[in-house]
Student: 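Next up is a structure, given as structure tokens.
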There are 2 protein chains.
Amino acid sequence: MNFQLRKQHLLTILDEHGSVEVADLARQLQTTPITIRRDLAQLAAKGLVVRTHGGAVLPRVAKDPVAFARKATAHLAQKEHICRLAAAQITDGDTLFIDCGSTTFPLCRLIRHRKLRVVTNSLPVLFELAGSAVQVVVAGGEVDAERQAMHGLVAAEQLRRYQVDKAFLGVDGLSLGRGLSANSEHEASISLAAAAAARHVYLLCDSSKLEQDKYFQFAPLSLVGTLVTDPGAPAALLAQYRKAGLQVLA
Amino acid sequence: MNFQLRKQHLLTILDEHGSVEVADLARQLQTTPITIRRDLAQLAAKGLVVRTHGGAVLPRVAKDPVAFARKATAHLAQKEHICRLAAAQITDGDTLFIDCGSTTFPLCRLIRHRKLRVVTNSLPVLFELAGSAVQVVVAGGEVDAERQAMHGLVAAEQLRRYQVDKAFLGVDGLSLGRGLSANSEHEASISLAAAAAARHVYLLCDSSKLEQDKYFQFAPLSLVGTLVTDPGAPAALLAQYRKAGLQVLA
DNA sequence: ACAGAAATGAACACAAACGAACAAGTATCC
DNA sequence: GGATACTTGTTCGTTTGTGTTCATTTCTGT
């Protein structure tokens, strides 16, 4: 097998699957990973593929929603901390709801390998978990291109039909006085539907959003079972949330 | 074997395979590698081949390996032809259903830029059209990881709620005697639901699938409005399909 | 947060392929 | 018949592609 044929084959596979892995290719093409990596490096130099750690993807796919969700989100360290706390609450066999948004997204990485069922309306979550050990269920309906999620009536309606053990919700603002608030009514209706379907509601909310009210208030604090936030939150404030009846993790 | 004949033979092989190896040619043509290399050098000087280490490739392969790699996938040329015909049937403003499967997928590339609404249960379709000019609507439900699509009860039920102008369906088998057949009941139920919701049903089916029955027969030919296939289909056979009441494009 | 695993790239080694130069064989022309 | 042009094969030093080792980076799981 010469290198031209190999690259040809490589591009074929890539075109069929959208992504390839170095180890797989090395096995299929009867060669070593280093050779595949060199091939990919050449193709990448020409812009025909985009390298990833462990493989490559089509250039089009590289701009995908997952990358979009991953890149340069504000407060990433806090969000990862929050998601680790959240992941610790999950038991194998659980059915979860994962909300769309940058706060909840890092949770996907932490649960890829576990035996779970995840209901979601978020495209990045869907793409991140598709092909993993997790069984994914999608809330259908119209795709909101800006938010990379399904936000319509149908999505909310469908969510109500599922019974989930734990819902992990994001929110735009949260305050003791006015409860949960959002920048969009659509997001709010999805959150409400998911909360209604869940045995326990976890609100994932970094400390910068505490005591912030956004334009649309849609639920009282009592909707939430557990507030998951980061150590940046003042202890006194968290104590007040606890007094209001919430379990608090930080 | 003289010089001219050798070069001719060489170009023939190159045309068939897209690439050649010096060592192989030397063996086949009962000569030594240096001779082949000199031949290739001459052809390369004229631009008829592109030299590589150990062999040569067609110029068009060297120029656009991606396009060439695509052609290598099964029946892809036919599928692209079919999708071009299908795309010509689409009017701006239409709402479409696009089925999952390799036959219908190339349609996405052809409509990315158009003002359309597309309902689908296919993840690759969703992926390809997310972020394009097309408004995407997803049939929700459980994700079938192997088929990269939603195939459950919920998906079928949701599809019935949408009214679409044109449904573009794929199928595993099709015959005059036994109608449409599939390899999976789930796929069949999605196809039926989409067909029921559509004003007009286009069946995209390359000629290799004509008069092939698969294990699960799920609908009569009358479900289909228009059969879109490729020129590889025998004219006499297409005439019979026309007689059976289908519009046929090839 | 931390430790272990996997992937990566650089440096080196080896084999295959390469081109240049030269030698040998064949056809053509005077 | 001998000179010439042309093609083919051989030798040898060089280049190119591939595989191995190892330190480093990146990812993943507890």
Student: Mind calculating the distance between CZ (A:R38) and P (C:dA7) to the nearest angstrom?
Tutor: 17 Å
Student: Would you confirm whether B:E142, through its side chain, and B:G152, through its main-chain N or O, come within 3.5 Å as a donor-acceptor pair?
Tutor: no
Student: If you fit an axis to the five pairs at each end of the helix from C:dA1-D:dT30 to C:dC30-D:dG1, how big is the angle between those two axes, to 10 degrees?
Tutor: 30°
Student: Using whole Å, report how far CD1 of B:I34 lies from P of C:dA17.
Tutor: 13 Å
Student: Would you call A:D92 and A:K115 a salt bridge, taking side-chain N to carboxylate O under 4.0 Å as the test?
Tutor: no
Student: So, is A:T31 close to the D:dT18 phosphate, meaning a side-chain N or O under 4.0 Å from OP1 or OP2?
Tutor: no
Student: Mapping A:A41 and B:G55 to their closest nucleotides on DNA chain C, which lands nearer the 5' end?
Tutor: A:A41
Student: Please give, in whole Å, the distance from D:dG17 P to A:D39 CG?
Tutor: 10 Å
Student: Using salt bridge (charged side-chain N to carboxylate O under 4.0 Å, His left out) as the criterion, list what pairs up with A:D213, not counting sequence neighbours.
Tutor: none
Student: Could you tell me the separation between the CZ atom of A:R37 and the P atom of D:dG17, rounded to a whole number of Å?
Tutor: 17 Å
Student: Hey, what's the ring geometry for B:H186 with B:H151, parallel, tilted or perpendicular (30° and 60° as the breaks)?
Tutor: parallel
Student: In this structure, how many angstroms lie between the P atom of D:dT8 and the CG atom of B:L25, rounded?
Tutor: 14 Å
Student: Is it true that A:R109 and A:E80 have a side-chain N and a carboxylate O under 4.0 angstrom from each other?
Tutor: yes
Student: In whole angstroms, how far is the P atom of C:dC2 from the NE2 atom of A:H81?
Tutor: 14 Å
Student: Minimum heavy-atom separation for A:D172 and A:K214, please, with both atom names.
Tutor: O-CE, 3.4 Å
Student: Map A:T32 and B:Q30 onto DNA chain D by nearest heavy atom, then report which one ends up closer to the 5' terminus.
Tutor: B:Q30
Student: According to a strict under-4.0 Å criterion, is A:T35 in side-chain N/O contact with OP1 or OP2 of D:dG19?
Tutor: yes
Student: When you check the phosphate oxygens OP1 and OP2 of C:dC18, does a side-chain N or O of B:R51 lie under 4.0 Å from one of them?
Tutor: yes
Student: Per the ring pair (Phe, Tyr, Trp, His ring centres under 6.0 Å) rule, what does the pair list look like for residues 157-182 of chain A, sequence neighbours excluded?
Tutor: A:F168-A:Y202
Student: Quickly work out the A:I82 CD1 to C:dA1 P distance and round it to whole Å.
Tutor: 14 Å
Student: If you restrict it to nitrogen or oxygen atoms, what contacts under 3.5 Å exist between nucleotides 12-14 of chain D and the protein, and what is each distance?
Tutor:
none

Student: Tell me the closest heavy-atom pair linking B:A56 and B:L14, and the distance in Å.
Tutor: O-CD1, 3.7 Å
Student: Looking at side-chain heavy atoms only, is the closest gap between A:L126 and B:F127 below 4.5 Å?
Tutor: no
Student: Base, backbone or nothing for each nucleotide of nucleotides 23-30 of chain D, written B, S, -, heavy atoms under 4.0 angstrom, 5' to 3'?
Tutor: ---SS-SS
Student: Let me know the distance between CD1 of A:I36 and C1' of C:dT8, rounded to the nearest Å.
Tutor: 15 Å
Student: Please tell me which of the listed nucleotides, C:dA17, D:dG9, D:dT20, lies nearest to the side chain of B:A23?
Tutor: C:dA17
Student: Shortest non-hydrogen contact from A:L159 to A:A197?
Tutor: O-CB, 3.6 Å
Student: So do A:V125 and A:C100 actually touch side chain to side chain, heavy atoms under 4.5 Å?
Tutor: no
Student: Name the closest nucleotide to the A:R6 side chain, picking from C:dC18, D:dT18, C:dG9.
Tutor: D:dT18
Student: Which pairs with one or both residues in residues 216-250 of chain A pass ring pair (Phe, Tyr, Trp, His ring centres under 6.0 Å), sequence neighbours excluded?
Tutor: none
